[in-house]
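All remarks here apply to the structure that follows.
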Amino acid sequence: QVTELVLDNCRSSNGEIEGLNDSFKELQFLSMANIELRSLAKLPTLSKLRKLELSDNVISGGLEVLAERCPNLTYLNLSGNKIKDLGTVEALQNLKNLKSLDLFNCEITNLEDYRDSIFELLQQITYLDGFDQEDNEAPDSEDDDDEGDEDGDDDENEAGPPGEYEEEDDEDDGASDLGEGEEEEEVGLSYLMKEEIQDEEDDDDYVEGGDEEEEAEGVRGEKRKREPEDEGEEEED
């Protein structure tokens with residue numbers, strides 16, 4: 001049931017890795033970087049293998065084995081090997097699903113028109129050494145995963161740690177306490193104001209009756225004077 005297997009920095013014996021055999025039928029990713037591998041002749045049949053890392057070995061040929069043993073490869077890394085000419089790479093034409101090939105740090109990269117020649121020879125590939133024909137960089141699935149994790153972190157940050165809410169609650173409690181105190185003060189002031197108003201009204205009650213009569217007569221006189229004028233204004237309207 002193993003789908004990924006990393007054997008980097010192990011040591012191969014006569015081009016063979018002990019324990020790696022045809023029983024790994026579900027294997028999709030295999031990495032054998034820097035294991036002093038000279039040949040692929042003893043590579044087991046891995047029909048579901050899609051990505052193969054063979055960087056920093058001493059492979060110089062025999063790539064036709066890959067089409068026979070790993071026909072569904074989409075990614076192949078041969079960087080840092082002893083591949084020198086286009087004839088060696090031509091064997092990869094039979095890998096019909098191959099989309100990305102890495103030959104970085106191989107002697108073949110020193111050839112004139114190296115990139116154009118490889119893209120012409122292997123027309124099924126999209127990326128060579130991490131870039132397409134227009135020099136656009138190949139997407140990295142690991143970077144996509146990291147971005148997803150960052151987004152998740154942002155969501156958590158937006159929610160905010162519990163401590164912030166506790167502080168806000170404390171502030172609200174303090175504010176409510178102040179509010180109650182202010183209300184008490186306002187009640188006390190209004191009560192005192194009412195008492196003063198009542199005292200003033202009591203003082204007015206002691207005004208002599210003569211003064212009240214004079215004021216009442218003055219008011220009546222003003223009403224009588226205004227009545228004819230008001231009637232004239234109503235007629236004009």
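Excluded from the calculations below are hydrogen atoms, water molecules and symmetry mates; all remaining heavy atoms, backbone and side chain alike, are included.
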Are Ile17 and Val58 linked, directly or through intermediate hydrophobic residues, by side-chain heavy-atom contacts shorter than 4.5 Å (ILVMFWY only)? no
Donor-acceptor pair, distance only, cut-off 3.5 Å: does the side chain of Asp85 make one with the backbone of Gly87? yes
Please tell me if the side chains of Asn72 and Lys48 come closer than 4.5 Å, counting only heavy atoms from C-beta onward. no
Who are the side chain to side chain contact (heavy atoms under 4.5 Å, CB included) partners of Asn136, not counting sequence neighbours? Asp132, Glu134
Does a side-chain heavy-atom distance below 4.5 Å link Leu5 with Phe24? yes
Could you tell me whether the side chain of Asp102 and the main chain of Ser79 form a donor-acceptor pair under 3.5 Å? no
Just checking, any donor-acceptor pair under 3.5 angstrom between side chains of Asn34 and Asn9? yes
Check this for me: does any side-chain nitrogen of one of Arg11 and Glu36 sit under 4.0 Å from a carboxylate oxygen of the other? yes
Scan side-chain atoms only and decide if Tyr114 and Asp129 contain a donor-acceptor pair under the 3.5 Å cut-off. yes
How would you list, by chain and number, every residue that makes a salt bridge (Lys or Arg N to Asp or Glu O under 4.0 Å) with Glu4, sequence neighbours excluded? none
Any side-chain heavy atom of Tyr127 within less than 4.5 Å of one from Glu137? no
Are Leu78 and Leu63 side-chain neighbours, meaning at least one heavy-atom pair lies under 4.5 Å? yes
Do Thr74 and Asn97 have side-chain N/O donor and acceptor atoms under 3.5 Å apart? no
Student check: side-chain heavy atoms of Arg69 and Leu46 closer than 4.5 Å: no
All heavy atoms of Pro71 vs all of Ser47, minimum pair found to be CD-CA, 4.3 Å
Keeping the roles fixed (side chain from Ser117, backbone from Asp113), state whether a donor-acceptor pair exists under 3.5 Å. yes
Would you check if the side chain of Asn81 reaches a backbone N or O of Ile83 as a donor-acceptor pair within less than 3.5 Å? no
Side chain proximity check, Leu101 to Val89, heavy atoms < 4.5 angstrom: yes
For the pair Glu107 (side chain) and Lys82 (backbone), establish whether a donor and an acceptor sit closer than 3.5 Å, ignoring hydrogens and angles. no
Within-4.5 Å side-chain heavy-atom neighbours: Leu54 and Asn77: no
Correct closest heavy-atom pair for Gln93 and Lys96 would be O-NZ, 3.5 Å
Going from NZ on Lys42 to CG on Leu37, what distance comes out if it is rounded to the nearest 0.5 angstrom? 11.0 Å
Taking all non-hydrogen atoms of both residues, which atom of Leu92 and which atom of Leu76 are closest, and how far apart? CD2-CD2, 3.9 Å
Leu30 and side chain to side chain contact (heavy atoms under 4.5 Å, CB included): which single residue from Thr3, Leu73, Leu52 fits? Leu52
In the structure I gave you, are the side-chain heavy atoms of Lys99 and Ile125 within less than 4.5 Å of one another anywhere? no
Surrounding CZ of Arg115 (heavy atoms of other residues, nucleotides or ligands, distance under 6.0 Å), is the total greater than 12? yes
Within a 6.0 Å radius of atom NZ on Lys84, are there more than 12 heavy atoms belonging to other residues, nucleotides or ligands? no
dist Leu66:CG -> Leu95:CG (nearest 0.5 Å) comes out at 6.0 Å
Please give the remaining members of the hydrophobic cluster of Val6, linking ILVMFWY side chains under 4.5 Å, ordered by chain and number. Phe29
